[in-house]
Amino acid sequence: MNTISLKFKTIIFSAVFLFISFTIMAIVSVSAILNLSHKITREAGIPIAKRAAAIVDPDKFLELSRTLNENDRYYENLRVELFKLKSATNCKYLYTMVPKEGTVYAYVVDGSCDPSDTDNFSPLGTEEDISSYGDAPFKTMRDGTIESSGLQRQDEWGWTSSVYAPIKNAKGEIVGIVGADFDANSIMGTITRSILVSIVITLILLACLITVLSYTTNKIFGRVRNISSHVSDIASGKADLSHQIPVGNDDEIGDLAKSCNILNKTLLNLVSTLKSSVQALGSTGREVESNTNNTKDSVSIAESAIEAIDSKAAIQSESVNSVFESTQRLNDSVNLLNGKISTQTDTITNFAATVEELSGNTDSIDKNVNKIYQNYNLLVQDAETGRRDQQAVSQKVHQIVEQSSNLSNANKVIDDISQRTNLLAMNASIEAAHAGEAGKGFAVVAQEIRMLAENSSKQSQSINELINTINDIINDIVRSSNLSTKSFENVTKKIREIEKMLQEVHGGIDEQQLGTKSMLDSMAVIKASSQAIQEESVNMKRHNEVVFSGIETLRSEAQNIKELSQRAADSIFMISSDAEKSSDSAKKNNQISEEVMGLLKDYKTT
């Protein structure tokens, strides 16, 4: 498998490190420029936002935001004042807003431009979702502080920076906000150009540094490669140990070359000494191998004679052992038979007692089964009564379900009335707005009707949710009731099955009682036969002991002869084994000498 060279790793690591360093420097520089731009626009926008907020009359502004009357003189006067302030500064848009619902705000007075500029002017009451403006306007409306949004990109106007100031009445209440937007496209263009220049400079410097690193590493790693090549030859066993590595410059790599030359000289002396020692060792090993082979031949002759004696003794011993084992097996068989007969007699006695006890237990079980059968009839009656009661409960639950659907229909009628009332209130509000001052009283009534309709709608929704919850609970009760009814039916079915099983158990117990009486009669006959067999076995064992004593004496003498022969054979075998080991050691010694010579022959010492 190909591996990446250390030189290539060094170049790559240095290049990556430098690239990361330049990138971090560029990010830090861009961040500093952005912070400076934000600070400049904030410092420029705060005085403008404060002056605009000071121009606004909070009470008249609040009334204008409620009526949205474009014919109000205050609307035009405030627009002109804001437009003059905007024209005298470098801000792009200057406007006032009030919150409506959530992140939706409505424009009140827009002093950014003339109303004829329909692309940039926002008419009175225009609503807009300002969630994309950032958190600054919401924080100003919430905390009453002057806030800056920083640099932001808007889909319609590009990059902008905005400052927001609160509009407060005499009580300190926040009734709206003033917004001043500044064009930041030029700033972002400068930042973009700076980033591009930084990238180009970084790439140029990186290319130069890689070139310098390549030249330096070629000089350094070329010398290292010469040393590595010579060390590889030594490791492969084919090096010229008389060769010296060029030292070159007097630096760390030169010191490494000197150390390798010292190691080379030490290896030269070691290999020369090993070659001489191995040649002498090979000659001695061959002499030892020849003497060991002669010893093995002499031992083989003696071993053959001992094996013949041992074979004869083994045949005699095996014959005696065979007779002894046969007699022993006969004696063991008699003992085993006697034991089994005794065990059989005891077992028959115990079994007879167990059968008698089993007969008594069977009578008791028969009585208990009769009692269970009586209780079972009472259980059948109770299960049937429970099933009928559960069916009555299920019918009542279904009636409740039908009544809950009537409640849901009634709630739909109430919700329809609420929606119609709400529509009527909206129409009344529109008519009151068309009537102007004369319709203010009617507008209050319409507002109350609308609130009543909304409350009715909310109550209708609450009732509907409550009915749905009740329906869910009733449905769960219906499902549980159905499952309970099925469970009673299953219980009744299982009870019927138990009835059949009890009848079968009762019949089986009667049959078992008849069989038990028959077994007791048979056990008495078997017990008498076992006692007669045991008496004959005792007589047979007594005659067998006399024969066994004579065979034991003959077996002991044959064993003594076999042991003496075995000792002689073991002695000869040990001598032969030692001679074999000596021969093997001599062969291994010769092989090792040849292998060492094979390793050392390729090293050149002259």
Side-chain angles (χ1 to χ4, degrees), residues 33-58 60-62 64-65 70 72-99 105-126 128 130 132-141 143-169 174-192:
I33 294 173
L34 290 174
N35 292 333
L36 179 61
S37 302
H38 181 203
K39 184 176 180 181
I40 292 172
T41 55
R42 176 180 172 83
E43 292 177 353
I46 289 176
I48 297 174
K50 285 183 176 180
R51 288 175 59 187
I55 294 173
V56 178
D57 185 337
K60 293 181 179 180
F61 176 81
L62 182 60
L64 179 62
S65 66
E70 293 184 354
D72 192 339
R73 290 183 178 181
Y74 180 72
Y75 171 70
E76 183 63 21
N77 292 335
L78 181 58
R79 187 192 68 77
V80 172
E81 291 295 327
L82 292 177
F83 181 69
K84 289 179 180 179
L85 179 60
K86 179 261 178 184
S87 301
T89 59
N90 61 343
C91 74
K92 187 174 183 180
Y93 300 106
L94 187 63
Y95 50 89
T96 61
M97 304 183 80
V98 292
Y105 276 54
Y107 287 96
V108 181
V109 180
D110 186 4
S112 303
C113 59
D114 190 82
S116 60
D117 186 0
T118 57
D119 292 336
N120 294 314
F121 183 76
S122 298
L124 175 63
T126 302
E128 183 176 351
I130 64 170
S132 61
Y133 289 13
D135 190 51
F138 305 108
K139 191 173 182 181
T140 299
M141 191 67 197
D143 301 336
T145 57
I146 298 177
E147 300 293 337
S148 175
S149 66
L151 296 177
Q152 289 187 334
R153 180 172 179 80
Q154 303 290 340
D155 294 335
E156 297 180 3
W157 306 297
W159 289 95
T160 61
S161 178
S162 304
V163 177
Y164 301 95
I167 301 174
K168 299 181 180 180
N169 58 15
I174 303 171
V175 298
I177 60 173
V178 173
D181 296 344
F182 295 87
D183 187 4
N185 287 315
S186 59
I187 296 174
M188 290 306 299
T190 302
I191 294 173
T192 303

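Worth knowing before you read on, the calculation uses all heavy atoms, side chains too, and leaves out hydrogens, waters and symmetry mates.
Across Y95 and S112, no two heavy atoms sit closer than the pair CD2-OG, 4.4 Å. Here the closest non-hydrogen pair linking P166 and G144 is CG-O, 3.3 Å. Annotation for G134 and P137: closest pair O-CD, 3.7 Å, computed over non-hydrogen atoms.
Distance CG/L82 to SG/C113: 12.0 Å, rounded to 0.5 Å. Rounded to the nearest 0.5 angstrom, I177 CD1 and M141 CE are separated by 7.5 Å. The CD atom of E128 sits 3.5 Å away from the OH atom of Y133 when rounded to the nearest 0.5 Å. The CD1 atom of I48 lies 5.5 Å from the CG atom of N90; values are rounded to the nearest 0.5 Å. L78 CG to K60 NZ: the interatomic distance, rounded to the nearest 0.5 Å, is 10.5 Å. Considering CG of L85 and CZ of R51, their distance stands at 5.0 Å, rounded to 0.5 Å.
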Please report the C-alpha distance between Y107 and M97 in whole Å, then the side-chain angles of each, then the deciding distance to 0.1 Å, and finally whether the side chain to side chain contact (heavy atoms under 4.5 Å, CB included) criterion is met.
CA-CA 5 Å; Y107 287 96; M97 304 183 80; 4.0 Å; yes

CA sep, side-chain torsions, deciding dist, call: T140, I174, side chain to side chain contact (heavy atoms under 4.5 Å, CB included):
CA-CA 9 Å; T140 299; I174 303 171; over 6 Å; no

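D110 contributes a side-chain N or O that, together with a main-chain N or O of S122, makes up a donor-acceptor pair within less than 3.5 Å. For the pair S149 (side chain) and S162 (backbone), a donor-acceptor distance under 3.5 Å is present.
For K139, the side chain to side chain contact (heavy atoms under 4.5 Å, CB included) partners at least two apart in sequence or on another chain are D135, R142, D143, E147. In this structure S65 satisfies the side-chain hydrogen bond (donor to acceptor under 3.5 Å, both in side chains) test with no other residue, sequence neighbours excluded. Annotation: ring pair (Phe, Tyr, Trp, His ring centres under 6.0 Å) contacts of F61 (sequence neighbours excluded): none. Applying the ring pair (Phe, Tyr, Trp, His ring centres under 6.0 Å) criterion to Y164, with sequence neighbours excluded, gives no partner residue. Residues that satisfy the side chain to side chain contact (heavy atoms under 4.5 Å, CB included) test with I46, not counting sequence neighbours, are R42, K50, I146, V163.
Screening residues 73-83 for side chain to side chain donor-acceptor pair (under 3.5 Å), with sequence neighbours left out, gives E76-R79.
Screening V108, T96, L62, I55 against I167 for a side chain to side chain contact (heavy atoms under 4.5 Å, CB included) leaves a single residue, T96.
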